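Lettering follows sequence order; numbering is per chain, from 1. Everything quoted here is computed from the prediction, not taken from an experiment. Heavy atoms only: backbone and side chains are in, while hydrogens, waters and symmetry mates are out.
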2 protein chains.
Amino acid sequence: MSQFKYRADTEGMLNTYLDWYKQAEYILSLKPSLPDKFKTSKGAREYHRPQHIIICGLGGSGIAGDLVKDALGNEIKVPIEIVKEYTLPSYAGEETLVIAVSYSGNTEETLSCYVEAVEKNCMIASISSGGYLKKFSEKTGALHIDLMSGYQPRASLPQLLFAILKTLETLKIVSGQPYAEVIQVLRENKTNFSPENEQNKAKELAEKLYRKIPVIYGHSFYKGVAIRLKNEFNENTKIPAKAEVFPELDHNDIVGWEDNELSKNFTAIILRNEEEYMKERIEATIDIMKKYGAEVIELSSRAETVLAKIMDICHLGGLASIYLALLYGRDPALIEPISLLKKRLGEKVGLQKKLLEKLSKTVSQ
Amino acid sequence: MSQFKYRADTEGMLNTYLDWYKQAEYILSLKPSLPDKFKTSKGAREYHRPQHIIICGLGGSGIAGDLVKDALGNEIKVPIEIVKEYTLPSYAGEETLVIAVSYSGNTEETLSCYVEAVEKNCMIASISSGGYLKKFSEKTGALHIDLMSGYQPRASLPQLLFAILKTLETLKIVSGQPYAEVIQVLRENKTNFSPENEQNKAKELAEKLYRKIPVIYGHSFYKGVAIRLKNEFNENTKIPAKAEVFPELDHNDIVGWEDNELSKNFTAIILRNEEEYMKERIEATIDIMKKYGAEVIELSSRAETVLAKIMDICHLGGLASIYLALLYGRDPALIEPISLLKKRLGEKVGLQKKLLEKLSKTVSQ
């Protein structure tokens, strides 16, 4: 077995993740105030109760939207859609609340959606650590939450997730969430997942996944978590990974385990927390996977509230993806393919600046 | 290179897929009539224009919902959600249209959603080739489209997809769709993809994927198609497969190609049909993937309408998954892990019968 090569972590990602509770506490210390009015293509308008909510965001920002949707479950009685595209769905209009989330504030897809929301006279809010998105909010005067800057977007999940919930609270769409348990769990995890701790579940998970492709199976409020963990292994560890959800995966994906020659490359991580039918289903699935030779790791959280369970498993998975990067001797902070892509698209397209010009014209008409 | 072992195809799946145009024509021959009223927990009610549409279905039935959503694009001005769960989202109510789709009519998740829709006084429609779902529709008197029976659910995609569109037409939510080009493309494909044709794109695709894990990258109206192709390789070929969508995959999944040792197991299939920014983005992504050693196959359709493009690529991918099964000498019809799972859950849980009893009580109150 390989050793953890801590010197590969040039930007201190391990400590940034261990200190997640501080980011969560920062957002809780904010007291955002709701503007009386903000500007759209139709002039000044007010906020009211929306008929649909759209959360726009990509990558580490978009997944925070998925996790919020999972965490709120039945608490919100209107459709919530997470949009990871350049354009809004056709129903977006003045009864729609659009929350644009981009950690950097410069994600071109999210900026495009913001401008479209202004054109369509939607209710608008935004979240970023600066960038164009903050400038956009200064033009419209719409609600904006400012994040602490200097992190990788994926490393700022507690800020992003709590800021979306704070936005919904400020708009009186949800009431106060069970934040206290999240802070408690993240604080305990700092000790549990620290490099000094030898009984460390994050390290153990990393060791089991060495030279394997993780495939994460989630369900219910762990659907977004499965995708989050996949993304963490992609970005922090720089390996392929895969996410699927119950019960859908029982109708197709499970058959792939029959080919042991190809499937032996994978290790399944199953997020457990279920009752009644789902328990029967997931246990039957695990038995059948093992019959075909699958390696299965089961993860569950000690937390009580859904929000804390979600953040607990995201924390465990994120730190496991960092420890696994260190086993490979890779820097968890580097994401060369994305850097290459952004450079090339930035040079060729330069969409952000054009969008700011368009927005300025739209709100000054 | 291995040879196609046609004798492994014991149920004639290859011919069933080649004859897809016949299934499409069958649905077009139907003239469903809308019942004036149907029964829910609140007594008899009528249909009117919904504020949200929910399509419930799993596996081969659920994916038809995804494809319909992609095909309609901006044509429907209300939120459409595809639900692959036991329960409806919390906003479901009397302004919601719920379309329950299950080829067999016995999918327990879909049946649960139907009963919940009756309890919540939703507008209801259903599609099946018989089974409990048909019985449910006889109890409520709600709109039901009856499919030709005797197929594997995944092999009946043209029926499922066209039946959902016919349901929306019957409810006057959409107008007539460009069916003619779909029929024409499927008819041409019968010749193009037949075993006798040596210049056969489906065979070529299968040969390129031998001993590889397909990862399908879709975008825009090809998002559902990417997932459909993944499912086809799972079920028909019995291999693991993976689906991702642009632009989201550029924010995480692309980094996985850096690890050539793990990524060399995959071959990427990229569904091409894009304009402006997306073209720049996808071409940059392909260049970067190739720099890290990725094998990339690009697929596009000669069809003109979105609906025909979607069905064309589903047809090509489905037949490629069957030819690939025959290269491995596997029967495309068999799905042993799903059969084992259904047997075990059926024995232990027996949910369908309980749901019928519950429904009967609900509508007779």
Name the region of [X], side chain, backbone, both or neither, that has any atom closer than 4.5 Å to a heavy atom of chain A.
X: Glu109(B); answer: side chain
X: Met278(B); answer: side chain
X: Glu232(B); answer: neither
X: Arg330(B); answer: side chain
X: Phe233(B); answer: neither

At what distance, to the nearest 0.5 angstrom, does [atom1] of [X] lie from [atom2] of [Y]?
X: Thr107(A); Y: His251(B); atom1: OG1; atom2: NE2; answer: 6.5 Å
X: Asn252(B); Y: Asn236(A); atom1: CG; atom2: CG; answer: 11.0 Å
X: Leu345(A); Y: Glu283(B); atom1: CG; atom2: CD; answer: 11.0 Å
X: Phe246(B); Y: Leu58(A); atom1: CZ; atom2: CG; answer: 12.5 Å
X: Lys343(A); Y: Ile288(B); atom1: NZ; atom2: CD1; answer: 10.5 Å
X: Asn234(A); Y: Asp259(B); atom1: CG; atom2: CG; answer: 11.0 Å

Counting heavy-atom pairs closer than 4.5 Å to chain A, which one of [options] comes out on top?
options: Asn74(B), Asp253(B), Ile254(B), Ile213(B); answer: Asp253(B)
options: Val215(B), Asp287(B), Leu249(B); answer: Asp287(B)
options: Lys230(B), Glu108(B), Gln51(B), His52(B); answer: Lys230(B)

Can you confirm whether [X] sits close enough to [Y] that some side-chain heavy atom of one is under 4.5 Å from a side-chain heavy atom of the other?
X: Trp257(A); Y: Pro337(B); value: no
X: Glu258(B); Y: Ile335(A); value: no
X: Ile239(B); Y: Glu261(A); value: no

Open item on the list: If you count heavy-atom pairs within less than 4.5 Å of chain B, which of Pro89(A), Gly256(A), Ser263(A) leads?
Closed with: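 Among Pro89(A), Gly256(A), Ser263(A), the one with the most close pairs to chain B is Gly256(A).
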
- [ ] Count the heavy-atom pairs under 4.5 Å between each of Gly93(A), Ala92(A), Pro240(A) and chain B, then report the option with the highest count.
- [x]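 Highest number of heavy-atom pairs under 4.5 Å: Pro240(A).
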
Task: Lys/Arg-Asp/Glu bridge criterion (N-O < 4.0 Å) met for Asp250(B), Lys342(A) - done: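 Between Lys342(A) and Asp250(B) there is no salt bridge, as every charged N stays at least 4.0 Å from the carboxylate O atoms.
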
TODO: Give, as side chain, backbone, both or neither, the part of Ala241(A) having an atom under 4.5 angstrom from any heavy atom of chain B.
DONE: backbone

- [ ] Heavy-atom distances under 4.5 Å only: say whether Arg344(A) touches chain B with side chain, backbone, both or neither.
- [x]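 The side chain, not the backbone.
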
Task: Residues of residues 76-88 of chain A with any heavy atom under 4.5 Å of a heavy atom in chain B - done: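 Counting heavy atoms that sit under 4.5 Å from chain B, the residues of residues 76-88 of chain A involved are Ile76(A), Lys77(A), Val78(A), Pro79(A), Glu81(A), Lys84(A), Glu85(A), Tyr86(A).
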
- [ ] Please indicate whether Lys279(B) has more than 12 foreign heavy atoms, meaning atoms of other residues, nucleotides or ligands, lying under 6.0 Å from its NZ.
- [x] no

- [ ] Could you tell me which non-hydrogen atom of Leu262(B) sits nearest to which non-hydrogen atom of Lys212(A), and how far apart they are?
- [x] CD1-O, 3.6 Å

- [ ] Report the C-alpha separation of Tyr292(B) and Glu336(A) in whole Å, then their side-chain angles, then the decisive distance to 0.1 Å, and conclude whether the side-chain contact (heavy atoms from CB on, under 4.5 Å) test is met.
- [x] CA-CA 11 Å; Tyr292(B) 292 107; Glu336(A) 189 187 71; 2.3 Å; yes

Task: Glu248(A): which of Ile227(B), Ile63(B), Asn231(B) passes side-chain contact (heavy atoms from CB on, under 4.5 Å) - done: Asn231(B)

